[in-house]
**Q** 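Got a structure for you, questions after.
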Number of protein chains: 2
Amino acid sequence: MATTVWQIPKASVKNLNKHAALDLIRFAPGGISRIELSRQIGLTRAAVTSIVGDLIEARLVREANGQHSGGRKPINLEINPDFGRVLGIDIGSTHVTVVLANGLAQVLNEVNAPLDITQGPEICLPQVVQVINTWLPNTGTGLSEILAAAVDVPGPVVSDAGKVGAPPIMPGWDNFPIRDWLEERLGCPVSLGNDAEFGALGEWAFGAGRGEKNLAYIKVGTGVGAGLLLDGQIYRGTTGSAGEIGHITLVEDGPICTCGNHGCLEALAGGRSLALRAREGISKGRRTSLAEIWPANSIIAKDVIAAARRGDLFCQQLVIDSGYHLGTAIASLVNLINPDIVVIGGGVAQLGDLLLDPIRQTVKQRSLKVSWQAVRISAAILGRRSSAMGAVVQALSMSLHQIAQV
Amino acid sequence: MATTVWQIPKASVKNLNKHAALDLIRFAPGGISRIELSRQIGLTRAAVTSIVGDLIEARLVREANGQHSGGRKPINLEINPDFGRVLGIDIGSTHVTVVLANGLAQVLNEVNAPLDITQGPEICLPQVVQVINTWLPNTGTGLSEILAAAVDVPGPVVSDAGKVGAPPIMPGWDNFPIRDWLEERLGCPVSLGNDAEFGALGEWAFGAGRGEKNLAYIKVGTGVGAGLLLDGQIYRGTTGSAGEIGHITLVEDGPICTCGNHGCLEALAGGRSLALRAREGISKGRRTSLAEIWPANSIIAKDVIAAARRGDLFCQQLVIDSGYHLGTAIASLVNLINPDIVVIGGGVAQLGDLLLDPIRQTVKQRSLKVSWQAVRISAAILGRRSSAMGAVVQALSMSLHQIAQV
DNA sequence: TAAACAATGTCAAGTGAATTAACATATTTG
DNA sequence: CAAATATGTTAATTCACTTGACATTGTTTA
């Protein structure tokens, strides 16, 4: 099993084993004992006793109960939920979700608010802070109690700089110092990431791909993007734009995409395309419950998904078509990446096998046997919250490892 | 810069810094000083002095001369070329190449021999050993002087087991204990890898992608495969079949491929396809110097490449067509992986820009701006020897780090 | 040319995270 | 209840690394 997500900073190579132990404790479902730690890290029991002693003294870890067999009952260790609280902030193209979590990454409270990302950072970010400032006191938590926060946005991120690259969906955000701006207003360390990347992290830590070594999370929202977790580490690529599966060309002269090209996956299977195809169908007189909506061009992807769920055959077919296109692109990904699991997230993933079956079928047909036999294709377990939970994981990584530093 | 290729075994986490220093010395072009090591590893000068002292005492490293500026001249360090010799063995579908190298990975001697991989391991492997046994004594090196060897084969490898997965081009090799068999006959540790994977390693260490963090090596031979080096580490995927770019579907109802599907990249742009398209053109009466060859179905990819080189316009067009198909698949790879560099290797890569320009053009057209702007697309510098050199790097990794262990 | 400066490299004492080897504790089993 | 088994702790020791002083080797300046 992969052990670390946290990129260990150079200054702490010294305490490598302490950080390794901390991550093993964090991500072990149901806790882990000292002896199991010693086996996995490769240290002696004595060394682990000493390391765990430090972690308990720092109030990061506590002892709990677990099961056993044979001799003496092992003492289970888990993160101390009261060591502190963090925020996970998921900024989408039309909304923001903020999650308050404790040390165990348990969600204590949550808030949603609409947002229009095209309005740029000067409008959006103050809105986000405003939402937090009015909501947080009601949860019984002061802003000063927050140890760290992580934010994700739907575009490629230059993570060292805390800015976004050149996102087509985020006009005006280019070069704005998102992380620094938020750190100042929230008064705590902030980490900036990509939504699909954090989705991958969330599903890896607490979702469908728990503990897998190689995971791809496909976020099918307004756009389509992938977050990659390879050999147990988030993979960002050279300029932070790895995983841009949405702009793979599938159909030579297909419909035009927001990126300027034709026939991109996003233009064939994304939320925008789903709505568009629904409207086209209606104008051609296809039989569907959506025909009642007026004006027809107010139909959005959410409507199509809801109708498909209710049993609307036309909308179900639209979803299935999306599945085949997604499957084609995912087959390429499976051939190239050879992952353990592909997790499908975003709105349409709620439809489960209706979407997944055509994906699975296409992947089986279009990728190498060794690769498709090894891969599971599942819907996101954390659903709408995959990315926010990934942000929580990231925020906890920051504060846990920072405190463990000394 | 990426520092390690060698996957550090658990037992040596203790000497982490010693291994880090060794790799920095190995891959620093023109040597590296103690002070530079201390900066890059993050240790004090005193600690580096001690570590380097150990390495010199073990005869792995020696002092050499370099340039300076300012105060005292730094003493450059390099691997001691005489610490030992290794073999790099590249098994292709029709040939085997064996390279003898010293500690600095300098090629001392080389041998080529034909081979038919479809004859299975019981025929091929004894042939390989036979080639080595007759050639090696002439180089002034006894088999007993070889510290380690690395072998690559053109199929997915289960590297822990030292066997191949389920390669379509390698019937009969499935489950044969290639590594163990060779270790016994050669009397030294052997590492088994995939040809594209070792090609990536070779070009990363001494070729076109020297020291890059994220590199993809595309081997265009009889088949088409990619080796991936991500975040400075070889990436193999879950079952060792990552990088199978050759079986990405490009054309829905395209020509049939060896894998059973239709329209795979390999069936459109691989060596087999190149020869096939040449024969088809001839039978249609196209004007080409290849028409002289008789019978027409004896034409192979090598002939087409040679003709294109001589200026045969028909053959050049075939190569350009291959370039566009390769470009389409590489555009997907660039979108997904966002690499620093894509290195094109194999026979056709000798043609340089004739092949690369259509690739570059297609990638520019079909991938995201942030990604194609960041990526270089180059031909392999090591040419035919990319994989064999990667094998040398791997073999040296084994012996250097094993000796440094204690 | 000598003195000052600058950078690299080494040495010796001290620190702390690990190992080793013995012991303590808790739970199941005969 | 004793024996067996597994987990966890303790104290002495080891060794990689830091600290701070010093040595070496080069350039620059008075």
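Protein chains get the first letters and strands the later ones, always in sequence-line order, with residue 1 at the start of each. Just so we're clear, the structure is a prediction, and the values are computed from it rather than from any experiment. What's counted below: heavy atoms across the whole structure, side chains too, no hydrogens, waters or symmetry copies.
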**Q** In this structure, how many angstroms lie between the P atom of D:dA16 and the CG atom of A:Leu16, rounded?
**A** 16 Å
**Q** Round to the nearest Å and state the distance from B:Ile75 atom CD1 to C:dA7 atom C1'.
**A** 12 Å
**Q** Distance check needed: D:dT27 P versus B:Lys73 NZ, whole Å only.
**A** 9 Å
**Q** Measuring only between side-chain heavy atoms, which start at C-beta, is A:Leu60 closer than 4.5 Å to A:Ile79?
**A** no
**Q** Provide, to the nearest angstrom, the distance between the CD atom belonging to B:Glu63 and the P atom belonging to D:dT24.
**A** 15 Å
**Q** Enumerate the residues from residues 44-56 of chain B whose closest heavy atom to DNA chain D is under 4.0 Å, giving them by residue number; use none for an empty result.
**A** B:Thr44, B:Ala46, B:Ala47, B:Ile51
**Q** Calculate the interatomic distance between B:Ile35 atom CD1 and D:dA23 atom C1'; express it in whole Å.
**A** 15 Å
**Q** Can you measure A:Ile41 atom CD1 to C:dT19 atom P for me and round it to whole angstrom units?
**A** 10 Å
**Q** Quick test of your reading: applying salt bridge (Lys or Arg N to Asp or Glu O under 4.0 Å), list the pairs with at least one residue in residues 42-52 of chain A, sequence neighbours left out, ordered by first then second residue.
**A** none
**Q** Would you check if there is a donor-acceptor pair between the side chains of A:Arg26 and A:Ser397 at a distance under 3.5 Å?
**A** yes
**Q** Look only at the side chain of B:Glu203 and the backbone of B:Leu382, and say whether a donor-acceptor pair between them is shorter than 3.5 Å.
**A** yes
**Q** Can you check whether A:Asn17 has a side-chain N or O nearer than 4.0 Å to OP1 or OP2 of C:dA18?
**A** yes
**Q** To the nearest angstrom, how far is B:Asn76 atom CG from C:dG9 atom C1'?
**A** 14 Å
**Q** When the distance from CG of A:Asn15 to P of C:dA17 is rounded to whole Å, what number comes out?
**A** 7 Å
**Q** Hey, does the side-chain of A:Arg72 have a donor or acceptor N/O within less than 3.5 Å of a partner on the base of C:dT25?
**A** yes
**Q** Flag the pair B:Phe83 / B:Leu396 as yes when at least one side-chain heavy-atom distance between them is below 4.5 Å, and no otherwise.
**A** yes
**Q** Decide whether B:Asn214 and A:Thr238 meet the rule of one side-chain donor and one side-chain acceptor closer than 3.5 Å.
**A** yes
